[in-house]
Amino acid sequence: MDGTKKISAFSVGDRLPETFSKYFIGQAYLARLTQNGRLNSPISSVTFEPGYRNNWHSYTGSQILVAVGGRGYYQASAVKNRADLFSGGESELAATDPELIENFDNFALPEVPDYDNLDVKAQMMCVLASCIAGAAQTEFRTILEGALNAGVTSVEAKEAVYRAVPYVGYPRTLNAIACLNEVVPENE
């Protein structure tokens, strides 16, 4: 395996057979960790060479993936993108912390809606709720802008805050409602 350093405690294994080439671009190596046929989910370690690409495919059984090293990318279909939801489109942190913003955008934009076919309003309500639970006041304000741009009404946003009280307590919800009232005046 030229050019690929060992990044886990598992054996690198053998080159994947040519029959798998329709699923992959580049070379991957497979090391079986168990031969127990009763599992219906083989346990293996897969190592990829730099520049490797895995094409979309599915399995008849199950599969559990555990990443132990390296850096990977994936493509997901976002229902909305940052420019649609937030004025200016670009996060101020993108200049100083691009990987953090990339991770955030991958969570907040494509992964939440793809999880359960949520519409954009429901997606944004989920992210608002997570900001309330995490006492993330600055982020709540940012996501609130996106939620309002996605069609969430101020009444719906307030309802999310009100319903959070028994789960996260008054201090977090009071901070969220204060922010909401600053962003959306009461008469709107």
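No experiment lies behind these values; they were computed from the predicted model shown. Start at 1 with the first residue, then count along the sequence.
Once rounded to the nearest 0.5 Å, the distance linking CD1 of Ile132 with OH of Tyr162 reads 11.5 Å. Summarising the geometry, atom SG belonging to Cys131 is positioned 8.5 Å from atom CE belonging to Met124; distances are rounded to the nearest 0.5 Å. To the nearest 0.5 Å, atom CG of residue Leu30 and atom OG of residue Ser44 are 4.5 Å apart. Of the inter-residue distances, the one linking Phe140 atom CZ with Asn175 atom CG reads 10.0 Å to the nearest 0.5 angstrom. Atoms CG and OG1, on Leu16 and Thr47 in that order, are 9.5 Å from each other to the nearest 0.5 Å. Going from atom NZ of Lys121 over to atom CG of Leu128 covers 12.5 Å, rounded to the nearest 0.5 Å.
Here the closest heavy-atom approach between residue Thr173 and residue Val168 is recorded as CG2-CG2, 3.8 Å. In this structure, Val152 and Ala157 approach most closely via the heavy-atom pair CG1-N, 3.9 Å. Between Gly13 and Ala31 the shortest heavy-atom distance is CA-CB, 3.7 Å.
Residues that satisfy the side-chain contact (heavy atoms from CB on, under 4.5 Å) test with Arg15, not counting sequence neighbours, are Gln27, Tyr29. Taking the salt bridge (charged side-chain N to carboxylate O under 4.0 Å, His left out) definition, one finds that Glu99 meets it with Arg71, sequence neighbours left out.
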* Could you give me the CA-CA distance, side-chain angles and deciding distance for Glu145 and Asn149, then say whether side-chain contact (heavy atoms from CB on, under 4.5 Å) is met? => CA-CA 6 Å; Glu145 176 191 348; Asn149 289 337; 3.8 Å; yes
* To do: For side-chain contact (heavy atoms from CB on, under 4.5 Å), just list the numbers for Cys179 and Gln137, CA-CA rounded to whole Å, side-chain angles, deciding distance to a tenth of an Å, and then say yes or no.
  => CA-CA 7 Å; Cys179 174; Gln137 296 171 27; 6.0 Å; no
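Sorted by first then second residue, the salt bridge (Lys or Arg N to Asp or Glu O under 4.0 Å) pairs that include residues 164-182, not counting sequence neighbours, are Arg141-Glu182.
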